Every structure is written in structure tokens, then in C-alpha cells.
Amino acid sequence: MWKNLRQCFSFTVVFFLFPWHARPRNYAHELESSRLEMVSVEFGDYHPLKPITVTESKTKKLGRKGSTSSTSSSSSSSMLDPLSSVLDGTDPLSMFAAAAEPVLPATLVTENAKKKRDKEESLTVGSDFEPWSSKRGEILARYTTNEKLSIVSGSSTPGSAVSEKVRTRLEELDDLEEGSQKELLNLTQQDYTNRIEELNQSLKDAWASDQKVKALKIVIQCSKLLSDTSVIQFYPSKFVLITDILDTFGKLVYERILSMCTDNRNTLPENFTPESVNDTAKETCLNWFFKIASIRELIPRFTLSNHLFRGISECLPRLTSMIRGIGDPLVAVYARAYLCRVGMKVAPHLKESLNKNFFDFLLTFKQIHGDTVQNQLVLQCVEIPLYLTLYSPAIDWILQCISYRAAEVLLTEMMERCKKLGNNALLLNSVMSAFRAEFIATRSTDFIAMIKECDESGFPKHLLFRSLGQNLALADPPESDRLQILNEAWKVITKLKSPQDYINCAEIWMEYTCRHFTKREVNTVLADVIKHMTPDRAFEEAYPQLQSIVQKVITYFHDFSVLFSLEKFLPFLDMFQKESVRVEVCKCIMEAFIKHQLETTKDPVILNALLHVCKTMHDSVNALTLEDEKRMLASLINGFLRMVSFGRDFEQQLSFYVEARSMFCNLEPVLVQLIHSVNQLAMETRKVMKGNHSRKTAAFVRACVAFCFITIPSLTSIFSRLNLYLLSGQVALANQCLSQGDAFFKAAISLVPEVPKTINIEGKMRPSEAFLLEFLCNFFSTLLIIPDHPEQGVLFLVRGLLNVIQDYTWEDNNDDKIRIYTNVVHLLSAMSQETFIYHVDKVESNDTLYGGDTKFLAETSKLCETVIAQILDHLKNLGKDETLKRQSQLALYFFSSILAHGDLRNNKLNQLAVNLWNLAQKHGFADTKTMVKTLEYIKKQSKYPELSHFSELALRLPLQSRT
């Protein structure tokens, strides 16, 4: 190929060559004439960015008619309200608002606003209250069973609906409770759940078809299921499923009654009272009350009353007392939880009812150890610890309702009541989960004392310490108690035999340790975790908790020299044997390093550790790895590489990059980053030496250049290779490595023919010619300053690149090839100047080498004429109907190039410009606006003495209006 490049660049020319005469350029003069006009400003009190305010003068100046005038001054003390400049300086909206509202003293306004806000907060539940819906999924997932279940289902024959219409209310309810029912036995948990969902849909369908009694029948049947504890470990999930149906029914009844109160003329206020309701709605409501009151069984009557009385907060105490009639303590506690749900909706400010529910539960808590419950547990083979966990969702919810925006004194009362019950672990755990972390933290030592006195047979103590640790992760205990708290907790945690119980607690208390103690205590805890989790590879079942521990450590230790000085940190990482988990941990570490490492580092401890972490991420890449994952990993590794600096020890820096290249060869973005980093290293060397390399630094920058030349071919992206060849060649030139620079530029030219027609960009195939055009234009800018090789002939690289462009297969439907040739004309015109527009320091370009030699100028002109012939040939071929618009646009584009770079004092070149102008508007496709501006520019330029011939040219350029 390079043999051909030594030959003269030539084309098959269709018509005669136009002689090219480059326009002489005085770049310094052009730069000066194109500068914007500068205006000196006397900065006193004036500044263009200073805010302007208008003030009225109090001094009245009486004129002939006694009028007053105002003076304005600028001041920086206050910002101008944009509305204040309207009319007389008063904002009209503020004026109207002020007229409509009475003026009150500022203190009174503040007090009233605070009272109003406090009242509103007490009457409503804010976004800081965790809703029941967020707990629903967790309960259903946690409380499951493999036992067979049963459900009572009412028949739904077509005749039953007809008979219901003629019965009296009491007869209907008797039938609902006793008649036409069948029991479905041996249902799996999924079958049971599906049946509940079917009942929920049946309820909606019956209501929609105006079968209100049938809907009530379904709800009563479902309510009865709440008294069934035959599969006791499933009861919390059953409660969730059944109450979903009750919520649906209550919503339907409420909306129906509410719709009776509103019409086109009357609308109920948001907080309406019974007096606001019309008689029709009252009658319907009373009818529903009678229906519910006629239900004989307590649980259906209670649950339905919850929804129908939800608008009457005075009923809450009566409903609270009603629960005392439920004998089973588990059913009773969930009934109380359900009442608290309703209470928080209709009257969150009535804390007395909520408190009474919990205190009533405490009074009946001893029933758990009674014969009835114990016999039931023996019958179902359920241990007491498992049975006690069934209470947790209900108790937690009740306490959450009670503790919401409660005073700290309530926690003291709860703690005293727990002590009276013998520090029951279940209640103590719920108290710590419900109240604010700040309240718990200040009483940490009291809670630890209560935990010690708890009976461990029913509820393990380590769960209590876990709950305490969760609070201490959110709030700080008194400083004097912190070490004692950690010691007391860890005494219990480290004795746990079950690895899962141990790691669940250790995970929580690790944050407390990192938050309040030094690396010594953290290292001790890490060592203890390794000791407990290594035997029998217990860590394989605890990866989420171990990941959480790593995350907590790197959250609090931002100094990575301290982090990696922890003796047990890297051994801790060795427990992550599963590759996917290990990679995720490494990603977390690298994200923390990039986020918190503000200064570059050369600490060998950090470098060795993070190289190991990055190597782990890199080695996880395989043929199945997604591109997004590769990009993320490469971004993290690049972030690390950018933070490594050995200061003035450039040789050590290059050695580090060489090592990194061998370690991360499978991630192309990392290799690209390394090439950029090495190029930057070469330029920093040049900066230090102020462009005057010594023998040692010259050898070093050649080593940098060699690194890039060796690395670039390993890249798969062809445009990455092209751009890096060009960039690295520019760096080589800047460091006077001329032969190495030539090698880069030759490699880039040899690569151009391999550019595919389409390239993949973000998963989509797009044409590559636009990217190739951009690259070639940048390449031409560099070719201007590259000196010719003494053994290769004049314009060797330019001719080689033009041969490649000539042979490249271009698309027929665009003009990119001709636009490239036009840029070549620009390049050759710049090469024809006595002094080039820019140079590389200490590199003699062709303007110095040839010194305006006539043979060199003749070569550039000859080459330029050949290129122009190709452009004109292409314009001729565009003279077809379907390409006339392209011909017009390209003609105007080439005209602009001749105008800027050609010497139009030459008659033939002048005539060519006129012909192109006429061709641009020949078929009516010319952009008239652009041509008008171009003509104005020509006339303006003609005023300069050296361009006076432009005035004659302007006369020869007619403008044709579009038809």
C-alpha cells in the first residue's frame, strides 16, 4: 500500500483543471480585525450584575402645579422584586391580598398559626406514619403453613337471591348464619388464598348487581373465619386476607351512604357532622346498624361494626370493651390491632382508646400460659417461642399507633408495665420497635437491664439485643454508656451457637461499633465474625448479612489507608466465595473509594488492596457479561486509575500503568483510559522540562509513546483506534518524537479502509460516514504542521490519505466524500501560506523547511487543482432531477470555500466562483436567506484594501427570487 502512496496522487478527470491560486493570508491581521470592539467601563458604584432597587425620595420638589417628583438610586443592599417595578412600585397581587385580610399583630399571627398547625397534625396522620399496607406483604410471606385448611362457603343458587327479597331482616340474618352453607376441606395455603380472593370478587359483583344482603352474607362468612385457629401458625396471614375483604365491604357501604348525602346542589364538608347528613342517608345508615346489631356471633358483629361506625369516634371505647368478650388471646389481640387501624383513620387524636386497647391486652396476657392455650399448642405441635412470634405483627401495630407523635413519658409508663409483667420479652421487643429511636437510645442501659431479667425460654434475648441495636444505629446513646452497652450486647451475641442468629445480630451491632468506636474495636468485631462464620462454611448462608457489614464499614471509614490497615478486613472479604456476591462487594468498595477519596494517592497498602479488588471485578467478565455491566466495571476501575499518582516519579507511574494494562486487558474502556493517562504523563514530562527534553526524559517520553503504539491495536472499536492514533501522534509531535509520530499517522491512514459502513452505538446500528468525516477533518488539521519525511517526498502523508479516501467505498446518497475534498482544499490553501496559522513548539513545519519554495507551492497547487476537478465532476453528476437540491447545496458550500481560501483576483477562479453561485440558485433550491447574508459579507469585506476586488465580484453575483 505504501508503495502506491509514494506515487503521485491522481484521478480520472472528466474536464479541464482549474488553476488554483490560494489567497494570501495575514492571520494576525485577520485575528485583530475580527475582534469585538472593546469599551472601557468606569467601575464605581456601577456593576452590570449588581441588583438595582428603586427608592423614593422623601424630599418633595414643588413645581409650577405643586407636583412631586421622586429620585431613584441604585443599591446593593436589597434585591429588587420584579413585580415592584409595575405601576407605582406596589405589587398589585400583594395589594389586593392585603386589602382582603385584616392586619393582626405579628406575635398573634404566629401563635394562631402554631395552634392551627398543632390541631391539624393531631387530627390527621402524616406521611411519617408507616401504613398497614406496607406490612401486609411481609406478614403474608413470613407466616405460612403446609397444613391443610378449611373454609365455609355459602351456596349461591339462582333461587336463593329471589327468596332473600321476601324474607324479613331477622330471617335473612338467620339464614346467613345457619343455612345453605358448605365446608371446603383439605385446602392448601394457595387454594385457601385463591378462595379468599374469589370471595372478595364475589362481594364486589353482588354489590354491583344490587344484592346487598348477599354481599353482607359473604362478609359475615369471612368474619367467622377469624375465630378459627385450627392452623394457628397461619393465623396472621389469614387475618390479613380476611380484613382485605372487610375493608372492601366497609368502603362500599360508606361510599353508598355518602353518595346519598351529595347531589348537584349540596356537598358535605370534609369534616361533616351527623347534623349535616340528610334523612335518606340517616335512614339507610340506621338500617345497616340494625342489620349488624342483629348478628349473634361476637366476632362478625365486632368486625363489621368497625367499618360501619368508623365515622363516629365516640363508638371506639364501646368497641374496645366489646373485645373483652373474645376468649382466645391471639384472636383478641388481632381484633385490637384491627380496631387501632380503624381508630387511626377516623380519630388518631383519641389516644385514650388506643392506650386502653394495649393495657387491656396486658391484663389478659397471662391467658397465654393458661391450660386452654397450652392444650391447643400441644394438639397442633407448636412450641411456645413460635406461638409468641404470632403476636408480633398485632402488638407491633398497636404500639406503632400508640407511639405515633407520643410524648416520651409514655415510654416510661410502658416500661413500668412491662416490668410488672416480669419483663416479658415479646412486649419489650415490640416496645423497642415502636417508639422513637431517640427515646430508646437515652434509656439503653435500662433496656439492657430489663433484657437481662427476661425469661429466654419464650423469646430469645438475642432478638431483643438486635432490636436495641437497630435503635442505636439511628440514635446515639449517652457517650459515657457507649462502651458498656457494646460490651453487654456482645457478651450475649458472641455466645450464640446458631451462625444465622449470630450474624443477624452482628450485622446490626456492626453499625453501632463503626459509628462510635475506632478501628481497634471494629477489627475485633470483624475477627469475631470470621471466627463464627468460617466453620462448616457457614458464611455461604449469610452473604446478605456479610455484604451489609462491609457496607457499614466503608460507610464510616472514608480513609482507605485506615480501612485497609484493619488486619481482618481483607480476610473478611475472603469469605465471599460466590463470584457474583464477591463482585458486588468489590463494586461497593470501589464506589466508596471514588466517592470519598478526594486526593490522589500512592499509598502501597491502598494500591495493592484496590488492585486486588479491581482484578476481581475484571476477572468476572466473560462472553455472557452484559455491555452495561462491562461499562459499570470499567467506570469503577477507571475511577481508581485516575486517583493514582506518584507525583514527580514518572517512571513509577508508567510502571503502574504497564502493570494495570496486563491486569485489565479484557475491558476496552480501561485500556482507552490507560492510553489517555500515559499520553497525559508524557505531556506532564514536557511541562516539567519546559519543552527542553534531556536524554533521560526524551527516552522516557519515547517509552510512553511506545506504550500507546503497542496498546492501541488491541482495541476492537475502530474509531477508538483512529482517534487514539491521532491523539498519540500529536503527543509524539509535541515531544519532538517525529518518527514515532509518523508511525501513528501512517497507522491511522492504513486503518481508514477498514472502517465499516455501520457501527454499533448504544445498541443501534448507525451509518459511520459522519464519524469518519469528523475524524478526517481533525486529521487534516494535524497534517498541516507535520513536516515531510526527508526520504518520502513532498506531502507524503497527505497523498497517502487522499489515496485511501479515493479508494474508500462511499454511499451514493450523500456528499461526504466531496465535503472531505473541500476540507483538503482548505488544508492545501493553508499549506501555501508563507507562515502557517499554528505550529508545534520546537517542530519545524513545512513552511520553515521549504521556505516558500516554488516547487513546493507548485505541488500543493497541482494537488489542489486535481481535488477541485473531482469536486466539479461530482457536481456535474448531481445534475439530475432527484439530486438537484443536493447539487445546489454543495455548490453553495464549495463557493464559500473558494471565497474564504481562493485568490479571486485570478480570472478563471473568479469565473468558477460566479458559476458556482449561479448553479446554486439555478433550479430554485438555494437558501435565499444564506445567499443574501453571503452577499452582504462580500460587500463588507470589499472595504478592506487587500479585498477591494470583492466589490467587482459582488456585482457579478445576482440574486434570484424563488418562484
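Numbers here simply count residues along the sequence, with the first being 1. Predicted model, so just to flag it, every value in this text is computed and none were measured.
F925 is not listed as a side-chain neighbour of Q889, based on a closest heavy-atom distance of 4.5 Å or more. The shortest distance between side-chain heavy atoms of I871 and L890 does not fall below 4.5 Å. Here the side chains of F745 and F779 are in contact, with some heavy-atom distance below 4.5 Å. The shortest side-chain heavy-atom distance between V672 and H676 falls under the 4.5 Å cut-off. Side-chain contact between K696 and M689 is absent, with no heavy atoms from C-beta onward closer than 4.5 Å. Between L878 and D815 the shortest side-chain heavy-atom distance falls below 4.5 Å. In this structure, the side chains of L641 and S677 stay at 4.5 Å or more apart for every pair of heavy atoms. F796 places a side-chain heavy atom less than 4.5 Å from the side chain of K746.
In terms of modelled atom types and a separation under 3.5 Å, the side chain of E754 and the main chain of I718 share no donor-acceptor contact. A distance-only check finds a donor-acceptor pair linking the side chain of Q653 to the backbone of F646 [under 3.5 Å]. Remark: the backbone N or O of W810 is not paired with any side-chain donor or acceptor of E769 at under 3.5 angstrom. D788 places no side-chain N or O within 3.5 Å of a backbone atom of N846 that could act as its donor or acceptor partner. Judged purely by atom type and a 3.5 angstrom limit, D853 uses its side chain to pair as donor or acceptor with the backbone of K855. S768 places a side-chain N or O within donor-acceptor distance of the main-chain N or O of K757, the cut-off being under 3.5 Å. Between the R956 side chain and the V914 main chain, no donor and acceptor come within less than 3.5 Å of each other. Put simply, the side chain of Q792 never gets that close to the backbone of P790: no donor and acceptor are under 3.5 Å apart. Judged purely by atom type and a 3.5 angstrom limit, S694 uses its side chain to pair as donor or acceptor with the backbone of T697. In this structure, the side chain of Q833 engages the main chain of S829 through a donor-acceptor pair within 3.5 Å.
The shortest non-hydrogen separation linking Q597 to M643 is O-CE, 3.2 Å. The minimum heavy-atom distance between L899 and R23, with the atom names listed, is O-NH1, 3.8 Å. Here the closest heavy-atom approach between residue S845 and residue P787 is recorded as CA-CB, 4.4 Å. Closest approach of F950 to I938, counting heavy atoms only: O-CG2, 3.6 Å. Scanning all heavy atoms of the two residues, the minimum distance from L715 to S720 falls at CD1-CB, 4.3 Å. Shortest non-hydrogen contact noted between N666 and H618 is N-NE2, 2.9 Å.
Taking a 6.0 Å sphere around NZ of K922, one finds it holds 12 or fewer heavy atoms contributed by other residues, nucleotides or ligands. Counted within 6.0 Å of CD on E834, heavy atoms from surrounding residues, nucleotides or ligands total 12 or fewer; the atom is thus considered open. Applying the 6.0 Å contact sphere to CE of M663 captures more than 12 heavy atoms from other residues, nucleotides or ligands. Other residues, nucleotides and ligands contribute more than 12 heavy atoms inside 6.0 Å of the CD atom of E684. Dense packing is recorded around CZ of R642, with more than 12 heavy atoms of other residues, nucleotides or ligands lying under 6.0 Å away.
At a threshold of 4.0 Å, the pair E859-R799 counts as salt-bridged, since one of the basic side-chain nitrogens sits closer than that to a carboxylate oxygen. Using a cut-off of 4.0 Å between Lys/Arg side-chain N and Asp/Glu carboxylate O, E30 and R25 are scored as salt-bridged. The residues R905 and D903 are annotated as salt-bridged, a charged nitrogen and a carboxylate oxygen being separated by less than 4.0 angstrom. Ion pair K933/E936 not flagged as a salt bridge, since none of the NZ, NE, NH1 or NH2 atoms sits closer than 4.0 Å to an Asp/Glu carboxylate oxygen.
Atoms CD1 and CG, on I785 and D847 in that order, are 10.5 Å from each other to the nearest 0.5 Å. Between the NE2 atom of H901 and the OG atom of S896 there is a distance of 10.0 Å, given to the nearest 0.5 Å. Taking CG of L783 as the reference point, atom CG of L795 lies at 9.5 Å (rounded to 0.5 Å). The structure places CG of N778 at 10.5 Å from CG of L727, a figure rounded to the nearest 0.5 Å. For the atom pair L751 CG and Y725 OH, the distance stands at 6.5 Å (nearest 0.5 Å). Remark: F700 CZ to T685 OG1 distance equals 4.5 Å, nearest 0.5 Å.
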For side-chain contact (heavy atoms from CB on, under 4.5 Å), just list the numbers for M931 and L892, CA-CA rounded to whole Å, side-chain angles, deciding distance to a tenth of an Å, and then say yes or no. CA-CA 8 Å; M931 299 192 78; L892 183 59; 4.0 Å; yes
Determine, stepwise, if the pair Q911 / N915 fulfils side-chain hydrogen bond (donor to acceptor under 3.5 Å, both in side chains). CA-CA 6 Å; Q911 184 59 47; N915 292 343; 2.9 Å; yes
Take C708 and F744, measure what side-chain contact (heavy atoms from CB on, under 4.5 Å) needs, and give me the verdict at the end. CA-CA 9 Å; C708 298; F744 280 113; 4.1 Å; yes
I'd like to know whether F709 forms a side-chain contact (heavy atoms from CB on, under 4.5 Å) with S728, so could you lay out the CA-CA distance, the side-chain angles of the two residues, the decisive distance to 0.1 Å, and finally the verdict. CA-CA 8 Å; F709 194 77; S728 301; over 6 Å; no
So W20 and L909, side-chain contact (heavy atoms from CB on, under 4.5 Å) or not? Walk me through it. CA-CA 7 Å; W20 177 255; L909 202 56; 3.7 Å; yes
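Counted by atom type alone, Q806 and Y821 present one or more donor-acceptor pairs between their side chains at under 3.5 Å.
Ring geometry, Y850 versus F856: the interplanar angle falls under 30°, so the pair is classed parallel (tilted spans 30 to 60°).
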